[in-house]
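To start, the structure itself, in structure tokens.
Since this is a predicted model, take the numbers as computed values, not measurements. Protein chains get the first letters and strands the later ones, always in sequence-line order, with residue 1 at the start of each.
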Amino acid sequence: MTDSISTKRVEPESSKRSVPPSREFTISRRTFVQTLGAGILITVTDALSWGQRRGGRGGGGGGGGAMPVVARLHLNEDGTISVMSGKVEEGQGARTELSQAAAEELRVPFDRIRIVMADTDFVPDDGGTSGSRTTPGNVPPMRQAAATARELLTRFAAKQWQADVNSLEVRDGTITNKATNQKLTYADLAKSREIAEAFKQPIESNITLTAVSDWKVMGSSVPRANNRDLVTGAHQFPSDVARPNMFYGRVLRPPSYKATLESIDLSEAKAMKDAVVVHEGEFVGFAAPSLFRATQALEAAAKTASWKVASQPSVSHKTIHSYLQEHARMDNARGVVTEKGLAEAAKTLSATYTLAYIQHTPMETRAGVAEWKDDKLTVWAGVDNPPAAQRDLAQMFGMPVERVRVIVPDMGGGFGGKHAAPAAQEAARLAKVAGRPVCVHWTRAEEFTWAYFRPAAVIECKGGLDAKGSLIAWDFININAGGSAIDAPYNIPNKRTQSVGSDSPLAQGAYRCLAATGNNFARESFIDELAAAAGADPLEFRLTHLDNPRIRTVLETVAQRFNWSERKRKVTPELGVGLACGTEKNSVVAACVEVGIDRKKGEIKVREVCQAFECGPILNPANLTSQVQGCIVMGLGGALFEEIEFENGKVLNADFGGYRVPRFRDVPKIDVVLVNKTDIPSAGGGETPIIAVAPAVGNAVFAATGVRIRSLPMRGDVLKRA
Amino acid sequence: MDVTVTLTVNGVERTVTTDPQRPLLDVLREDQHLTGTKYGCGEGRCGACTVLMDGKPVRSCVTPMSLAGKKSITTIEGLAKGGSLHPIQEAFLEEGAMQCGYCTSGMILSAAALLQDKPSPTDEEIIAGMNGNICRCNGYVKIVNAVRRAAGKMRR
Ligand code: FES
Ligand code: FES
């Protein structure tokens, strides 16, 4: 056996896609076997050619298209099957659900699947891992690949045995001809050259997939395959990767946003014999055998730095909302129907809601380990978009993307906050100069300051009721946070909703459900205001105006479970109940909460959250329950205490002392009801369950106190004043 | 000036020559290659770096090496004995009490310390004992369940 193979990339015949220039690459057979498992070598070439194919195609959908089976799937001689996905695992469960998908369609037990994720040398470009897209966008292609493979294998067996393909049974990775009792296992077929050739055929995107009612592996609560490594500490997160002779890096940061470096004296850092100092333009970084030494070098240099402070917009967390309103780009305001509706209304209301900037705060801050070898850059990074990280690195160093390999070991949380890989870029710069691998793992303060934030927002609402208390006019403008879930799902004859941009003084970006949280908070709070104005029960008022059968189902389900009508009657000034519902990313949610109020102390204590959620057929109930519980608690953070405080281009609360996230003590009684709707495709479930929490809390506070809190976070001290 | 510190890590004696101010966390991760102990904040407020020092839970990110001399340290790697998991580890697996799992080592060691003190904790005691540990993924519910389950296992 040769130890390495060198080969030209081979374009699968069936592909009509444009072909990037042919090139040579070498990969050691051992690397391949370690990653995918032993099998026929011919498939190696094709798998790699697809793995390394880049250029933005594949683009997030990971669609079947003309991709050959071999790009997704590899039979191993031990009977396991390796499958490949460009998605990353960050705690949301992609690893498990993609493995379940493959196991289901291949008719093998879950533990027979070995999944290779987010390694740009091996996996297809499936785009980034965001927007709850893995379930609707990547589970189906994985199923199609596995089903196509099963078809090809069965057809091969039928041909061998001269049997009718429909008379064969596939179970447990074994194809059986019941009439003759002939058997072939996937392990046998892993050695077949003909199968290897057959796997060059395209994945059939319209192949019949297993009906939900027949699911055996999908739909069950299989645990994550590498769970054991998480409880023993054996799993290596991106920040745990250690390479031979690796150094640890630190990077000089400006004292405030946009400040530029005027001068710095690096002599003391350079005098540290074990430290590497890199100064390229604005970039000043240090690498040393320990993080402690690198930090000493950084501190020695930082105290000599002189900075030109950029003039900052005069805005702080206290004035952000008027600032956003002043800078709002309102010129594209459309729709006159609302004006008419409002004019005809018997009663009109208007209210302004606001949201603070908040941060994702994954427990693992950004991390990257970079290693240069033979002109090739390999990084292990905590990033949710490996192909984009790869392109960014290639561009940064002026090299072809094929020479950059991005590997994302299962990482420590993301929540939309890890779209780019700055730590890996910094590590690569340092490693290049140091001539050895370098690890850069951001401090919590760096993460709080130099990552990006969920946008702050102002949401302006107007509504009108007719004489009978029906909602006839609705006007809703979100300034700065975006348009997701902005449409009111209610039946309102005159409706205008719009999202307008503004000038954000802080870097802002994606977040779990992004704007849907704010839009839902404002809408569901304002609906409550209108219900109160109409003298109607909040549940009845919603149901009267709600056609969407899926939202109605979760709303009615949760109300019944929580015993809404009875508990509503028992509201006191110290004990409130509230509800809210919504839809986003093709899933629906409704929540009822109970809050305890201490007006003298200005305290809001969420005592209970009951939430119903539906996202189509459930792929993994245990994982989905965890996601919903996690969303509820994360949602409570944004609802009650999370807020980035800033002034003069500085974050003022860049630590867990100043930025409060939910802890054990903040957790209410949580009751999750999962609604399994099996007649539609599955949607993702890791985001939408966050959107109903804040408005339900606000509505409960109102029910108890009559005080409407219109800003997130909702601080209890306003109750003292009100 | 570097100092030489002798300590026991997961039952094995180690000698480390290093700056006395260097955090125990870094020594464990960088020198001892025990990366199961995590960095989450460096300020003692998240619990990701929790290890047991002479049986007591400490935040290794704010524990300088000068305080680690002659101490016996248990990290997550030292909990399983001879290939069989510690009951708390088993309980975390059985309850599915982790999502990304980054907080898990610290959670398990904090739970170990808690259950040493209080073998039959009430839920309130579990919550109070674990409150210094942050998880951003999983809503804490399953972690409380896991600690309660572990207590049951350890009493048996
Ligand atoms: S890393 Fe030590 S407490 Fe957070
Ligand atoms: S499981 Fe991700 S931080 Fe706890």
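- For a residue to count as touching a neighbouring chain, one of its non-hydrogen atoms must lie under 4.5 Å from one of that chain's; by this rule Arg228(A) touches chain B with backbone and side chain alike.
- Contact annotation for Thr365(A): only side-chain heavy atoms (C-beta onward) come within less than 4.5 Å of a heavy atom of chain B.
- A side-chain donor from one of Asn133(B) and Ser110(B) sits under 3.5 Å from a side-chain acceptor of the other.
- With ring centers used as reference points, Phe237(A) lies under 6.0 Å from Tyr102(B).
- Of the atoms belonging to Met411(A), it is backbone heavy atoms, and not side-chain ones, that fall under 4.5 Å from chain B.
- Phe664(A) pairs with exactly one of Ile134(B), Val141(B), Ile127(B) by the side chain to side chain contact (heavy atoms under 4.5 Å, CB included) rule, that one being Ile127(B).
- With a 4.5 angstrom heavy-atom cutoff, Asp410(A) does not touch chain B via any of its atoms.
- To the nearest 0.5 Å, atoms CD (Glu642(A)) and CG (Leu636(A)) are separated by 10.0 Å.
- Ile670(A) touches chain B through its side chain: at least one heavy atom from C-beta onward sits under 4.5 Å away, while N, CA, C and O do not.
- Contact annotation for Glu124(B): neither backbone nor side-chain heavy atoms come within less than 4.5 Å of a heavy atom of chain A.
- Looking at His235(A), the atoms closer than 4.5 Å to chain B (heavy atoms on both sides) all sit in the backbone: N, CA, C or O.
- Using a 4.5 Å cut-off between heavy atoms, Arg663(A) contacts chain B through both its backbone and its side chain.
- His86(B) contributes a side-chain N or O that, together with a main-chain N or O of Ile88(B), makes up a donor-acceptor pair within less than 3.5 Å.
- Contact check for Val369(A) versus Arg243(A): side-chain heavy atoms found under the 4.5 Å cut-off.
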